[in-house]
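Naming convention: chains lettered A, B, ... in sequence-line order (proteins, then strands); numbering from 1 in each chain.
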Amino acid sequence: MGRSERKCTRSPTTCFEPAENLVNRTNNCGPVPRANLGSMTTNSVHPSKPVRVRLAPSPTGALHVGTLRTAIYNWVLARQTGGQFLLRIEDTDQERLVPGSIEQIQESLRWLGLEWDEGPGKDGPHGPYIQSERLQIYQAATKRLLDSSLAYECDCSPERLTMLRERQKAQGLPPGYDNRCRSRPGEELRESRERGVPIVVRLKSPGHGDVTFRDAVRGDITFDSSKIQDFVIMKSDGFPTYHLAHVVDDHEMRITHVLRGDEWIPTSPLHVLIHRALGYEVPVYVHLPLLLGKDKTKLSKRHGAASALEYRDLGYLPDAVFNFLALLGWSPGEDIEIMSREEIVRRFTLDRVNDSPAVFDSEKLEWMNGVYIRQMPLDALTDDIMPWLEKAITPPWNRVQRPIDRTRVRALIPMIQERLKRLAEAPDLLAIFFEEEVMPDRNSIIQKGMDVAATTKALTEAHALAKSTQPFEPEPLEIVFRALAEQLGIKPGQLFGSIRVAITARSVAPPLFHTMSGLGRDRVITRLDKAIRTLESAP
RNA sequence: GGCCCGUUCGUCUAGUGGCCAAGGACGCUGCCCUCUCAAGGCAGAGAUCGCGGGUUCGAAUCCCGCACGGGCUACCA
């Protein structure tokens with residue numbers, strides 16, 4: 001786990017390029033060890049002061065569960081240290097915008113209970129929090145870079161760039177920009193601009209030396225600057241690239257810790273370069289391991305549900321999803337898994353964030369969701385289940401009068417609570433209590449070791465008892481029906497099984513006598529009656 | 001191709017040089033409970049700690065090499 005830097009190249013000492021100050025200032029070969037984690041004191045990478053962290057999704061569609069996990073860690077860190085959690089929308093790619101994304105992102109976060117302290121819909125001192133509304137800020141930063149010759153304009157066409165890359169590839173060279181415009185005279189660019197040729201701005205890469213940055217999860221990571229191209233920071237449409245925009249914003253918004261996915265590690269040195277060029281302090285990076293699907297490739301729609309709201313719509317509880325996601329890439333270091341938000345906030349440390357990718361195991365999520373459902377107080381569960389019933393349209397729900405009788409539902413829920421894994425299953429589990437009529441399969445009514453005659457007799461007796469038993473409650477019912485089984489000389493299971501199928505048309509249901517009282521005497525009698533007639537009719 | 005990151009039961013993980021012939025959880029199997037299903041209890045199968053070298057009295061833990069997997073290599077983020 002803890003690793004210090006693994007690569008150290010000496011920085012040349014003489015160079016007068018303007019970009020020189022972008023190279024590591026010191027001969028940065030001294031490893032900075034990542035936390036001495038034995039005791040939680042000294043070197044820990046975990047922040048002790050209030051952090052300012054942010055979630056910076058692009059409005060290109062649904063909020064991915066991976067992003068959701070990043071959001072959780074952000075939120076936890078902010079809550080734990082008394083800092084702030086910001087939401088910032090990174091919409092610098094105008095072509096990929098998907099209408100409604102921002103609302104969906106907000107809804108996802110709210111569903112999980114991750115309120116942001118600053119962001120869209122919640123103004124703060126560093127707004128606006130949508131990048132397309134901050135264009136002047138990026139343009140000003142770009143101008144500063146241009147004025148100090150740390151960046152330059154480039155009018156190379158996409159066609160030329162593509163050709164260049166293809167040629168380099170064909171020659172087995174690493175693809176990259178050839179710095180053609182780095183030293184072009186200003187007049188040429190002016191001329192291009194007048195002709196309406198699209199112009200971008202590129203940052204000058206130092207071209208030599210190392211760039212090192214600190215990652216809270218992996219220790220120091222060093223890159224060889226000579227591999228870094230003069231990359232684009234301002235696009236020809238006047239929008240900044242992600243690289244420029246997020247660096248400027250993170251600085252303007254006083255971000256202390258940048259939590260993001262693993263896939264950003266290779267471009268991190270670019271970000272460090274921009275920080276240096278602009279004279280900003282570099283934040284602490286926290287690169288989180290990827291979330292994978294069952295096939296061990298990056299989790300995506302292909303793997304089934306991948307967006308936050310889909311999990312809500314599948315009937316998962318926010319607390320369970322929060323708990324589950326928090327554990328994907330982090331562990332408290334003890335053998336405990338079920339933890340409240342408060343407990344996670346209390347125990348979370350960056351030191352214990354994993355560095356290897358995790359497979360999203362939906363079976364375990366399902367189990368955990370069941371644990372949370374079982375822990376819920378009756379009224380809270382009822383509140384959560386009611387909307388699912390109200391919106392259910394499959395039979396029998398399409399015929400049940402609205403609003404649905406909450407008192408009745410509340411009385412039935414104890415019967416399904418420990419059988420429920422997801423809220424979405426509630427309508428199906430409760431359906432037997434709302435069906436006006438059931439159509440039990442003739443053969444299913446007849447239990448193992450029984451025949452038509454014996455079953456008919458048993459149900460006829462049961463029918464009589466159902467009429468007479470007072471009160472129609474689980475305990476008295478159980479007493480008389482057990483006695484009936486004995487009197488009939490059959491096993492309780494045989495009797496109960498027949499009755500179960502007769503009154504529910506299912507072989508699986510909550511305990512029989514609870515089911516019966518939940519159904520009510522009238523319905524039980526009617527259904528028993530119908531089952532007997534079914535048995536008597538020709539096979 | 002180049003650069004980067006990773007590698008402990010099927011999966012999530014514990015492990016920070018001796019307490020590890022590797023612990024917990026999900027899943028799986030069996031048993032118990034039991035009117036079915038769940039829930040619960042108990043038991044079990046399941047990891048030569050990716051491979052090979054080294055350091056050390058001692059390595060899952062430290063070092064080196066390799067293999068494999070993934071990511072990046074855009075005027076996308």
Nearest to the side chain of [X], heavy atoms from C-beta on, is which of [options]?
| X | options | result |
| --- | --- | --- |
| A:V508 | B:rC4, B:rC37, B:rC35 | B:rC37 |
| A:P198 | B:rC76, B:rG71, B:rC75 | B:rC75 |
| A:P175 | B:rG70, B:rU73, B:rC75 | B:rU73 |
| A:P174 | B:rG1, B:rA74, B:rA77 | B:rG1 |
| A:L512 | B:rC35, B:rC76, B:rC5 | B:rC35 |

Mind checking if [X] touches a base, just sugar-phosphate, or nothing, with heavy atoms under 4.0 Å?
| X | result |
| --- | --- |
| A:P357 | sugar-phosphate |
| A:V359 | sugar-phosphate |
| A:P510 | base |
| A:T92 | sugar-phosphate |
| A:S331 | sugar-phosphate |

Would you say [X] reaches [N]'s phosphate, i.e. side-chain N/O to OP1/OP2 under 4.0 Å?
| X | N | value |
| --- | --- | --- |
| A:K296 | B:rU11 | yes |
| A:S507 | B:rU36 | no |
| A:R374 | B:rG40 | yes |

Heavy-atom closest contact (A:E153 atom, A:R193 atom, distance) =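 Minimum heavy-atom contact is OE2-NH1, 3.2 Å.
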To the nearest angstrom, the NZ-P distance between A:K298 and B:rG71 comes to 7 Å
B:rC76 P sits how many Å from A:D237 CG, rounded?
->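 Atom CG in A:D237 sits about 7 Å away from atom P in B:rC76.
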5' to 3', nucleotides 19-32 of chain B under a 4.0 Å protein heavy-atom cut-off (B base, S sugar-phosphate only, - none) gives ----BBBBS-----
Ring geometry between A:Y242 and A:H271 (parallel below 30°, tilted from 30 to 60°, perpendicular above 60°) |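 Rings of A:H271 and A:Y242: perpendicular, as their planes differ by over 60°.
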Nearest-nucleotide 5' precedence on RNA chain B, A:M234 against A:W330 | A:W330
Can you tell me if NZ on A:K294 sees more than 12 non-hydrogen neighbours from other groups inside 6.0 Å?
->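 Yes - once you tally the heavy atoms of other residues, nucleotides and ligands closer than 6.0 Å, there are more than 12.
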Below 3.5 Å, does any donor atom in the side chain of A:R500 face an acceptor in the base of B:rC35, or the other way round?
-> yes
Contacting residues from residues 476-488 of chain A, given that a heavy atom lies under 4.0 angstrom of RNA chain B |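 Under 4.0 Å from RNA chain B: A:R482.
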Any salt bridge between A:R184 and A:D155, counting N to O under 4.0 Å?
-> yes
